[in-house]
Amino acid sequence: MFRAAVDIQPACLGLYCGRTVLSVNGSVETYGDCGVCPRGQRTDDNKICRECMGSPDRYDWLYLGFMAMLPLVLHWFFIEWYSGKKSSSAVLQHLTALLECGVAAVLTLLVSDPVGSLHIRSCRVKKLSDWYTMLYNPSPDYITTVHCTHEAVYPLYTIVFIYYAFCLVLMMLLRPLLVKKIACGLGRSDRFKSIYAALYFFPILTVLQAVGGGLLYYAFPYIILVLSLVTLAVYMSASEVEFFKDLLVRKKRLVVLFSHWLLHAYGIISISKLDKLEQDLPLLALVPAPALFYLMTAKYTEPSRILSEGGNGH
């Protein structure tokens with residue numbers, strides 16, 4: 001049964017339930033019954049389903065960039081882990097992983113609405129519950145549940161799944177052929193281990209997005225900063241880097257250092273959002289601070305030195 005905008009309508013219950021616009025005649029809109037909004041729409045203040053016509057803001061793009069970086073960083077980690085010290089194939093595999101993720105990102109944008117464009121339209125994220133509309137289906141009579149689950153943060157939730165699917169397909173098409181041809185220095189069982197690792201971490205990333213997408217949206221800048229600081233400290237400690245000259249011995253150490261600095265900068269930009277450039281840009285000067293602090297204090301925390309001083313004390 002249809003109702004016009006001028007008719008008296010019963011209240012539309014539920015935080016995310018709304019009425020779809022069936023037709024527009026001048027200034028009068030005709031609405032359907034209260035229920036779930038179609039994909040690409042969300043309710044306004046009057047409980048009417050409106051099409052999302054906005055564009056992702058800077059923070060939304062930073063979040064999407066973070067979710068896009070996760071498989072790339074994991075690819076690089078496992079490629080490095082399984083390639084071996086003498087393998088010359090690691091660089092080509094790193095570049096192939098970058099190509100896979102880059103092409104997957106472009107394809108994801110092209111298939112998103114509007115199709116064929118690198119621009120996407122989106123709904124604005126207002127609060128954490130927007131990510132978990134399935135938890136807010138109302139039960140007016142405490143018996144029947146009105147299902148109003150839809151993507152209120154369109155397309156920030158589902159676009160990540162599409163991207164991961166493209167990454168997985170491209171990896172299965174490109175990487176095995178490359179590894180089979182160039183990874184001659186590795187054993188038959190070792191050369192494909194980085195690919196096997198991806199077959200494990202892609203489902204994990206998918207579940208992480210499905211369950212914790214909303215939490216990641218608000219916490220990812222701090223996750224980047226904490227993890228990049230911890231991994232940098234662990235790497236420099238495991239590589240026995242204590243002085244600046246130790247970084248210059250191998251180019252790989254400089255690459256790892258600069259990669260962590262880029263992650264530090266990404267985390268700082270995500271937190272500040274660069275809303276006020278004159279205040280936020282100077283914060284980027286803090287990017288090298290953790291590495292400098294480690295290099296200046298590493299010699300004082302060397303275990304052998306502490307043990308020797310402790311022995312002399314006794």
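Predicted model, so just to flag it, every value in this text is computed and none were measured.
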Aromatic centroids of Tyr63 and Trp131 separated by under 6.0 Å: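 Yes, ring centres under 6.0 Å apart.
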Check whether any side-chain heavy atom of [X] lies under 4.5 Å from a side-chain heavy atom of [Y], and answer yes or no.
X: Leu215; Y: Leu128; result: yes
X: Tyr157; Y: Gln209; result: yes
X: Glu51; Y: Arg42; result: no
X: Leu70; Y: Phe66; result: yes
X: Phe77; Y: Phe201; result: no
X: Val21; Y: Thr30; result: no
X: Arg121; Y: Asp113; result: yes
X: Pro71; Y: Tyr164; result: yes

Minimum-distance pair of heavy atoms, taken over all atoms of [X] and [Y]:
X: His264; Y: Val287; answer: CD2-O, 3.5 Å
X: Arg19; Y: Cys34; answer: NH1-N, 3.5 Å
X: Cys167; Y: Phe202; answer: CB-CZ, 3.5 Å
X: Pro138; Y: Gly14; answer: CG-CA, 3.6 Å
X: Gly26; Y: Val24; answer: O-CG1, 3.5 Å

Verdict with reasoning, Ile269 to Leu284, per side-chain contact (heavy atoms from CB on, under 4.5 Å): CA-CA 8 Å; Ile269 291 173; Leu284 296 179; 4.0 Å; yes
So does [Y] get a backbone contact from the side chain of [X], meaning a donor-acceptor N/O pair under 3.5 Å?
X: Trp76; Y: His94; value: yes
X: Arg50; Y: Thr43; value: no
X: Ser228; Y: Leu225; value: yes
X: Tyr266; Y: Leu62; value: yes
X: Tyr31; Y: Leu22; value: no
X: Glu151; Y: Arg39; value: no
X: Lys126; Y: Val153; value: no
X: Asn46; Y: Ile48; value: no

Short side-chain donor-acceptor distance under 3.5 Å, [Y] and [X]:
X: Thr133; Y: Thr149; value: no
X: Tyr16; Y: Asn137; value: no
X: His75; Y: Gln93; value: no
X: Ser23; Y: Glu29; value: no
X: Thr231; Y: His260; value: yes

Parallel, tilted or perpendicular, as decided by the 30° and 60° cut-offs, for the rings of Tyr59 and Phe220: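 Taking Tyr59 first and then Phe220, their aromatic rings sit tilted (interplane angle of 30° to 60°).
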Presence of salt bridge, Arg124 and Asp60, under 4.0 angstrom: no
Cys148/Cys37 sulfur atoms closer than 2.5 Å: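 No.
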Residue pair Trp261, Phe258: steps toward the ring pair (Phe, Tyr, Trp, His ring centres under 6.0 Å) verdict: CA-CA 5 Å; Trp261 282 359; Phe258 288 135; 5.4 Å; yes
Met172 and Leu199: CA distance, side-chain angles, deciding distance, side-chain contact (heavy atoms from CB on, under 4.5 Å) verdict: CA-CA 10 Å; Met172 297 305 297; Leu199 297 180; 4.0 Å; yes
Heavy atoms from other residues, nucleotides or ligands near CZ of Phe293 exceed 12 (cutoff 6.0 Å):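 Not more than 12 within 6.0 Å, no.
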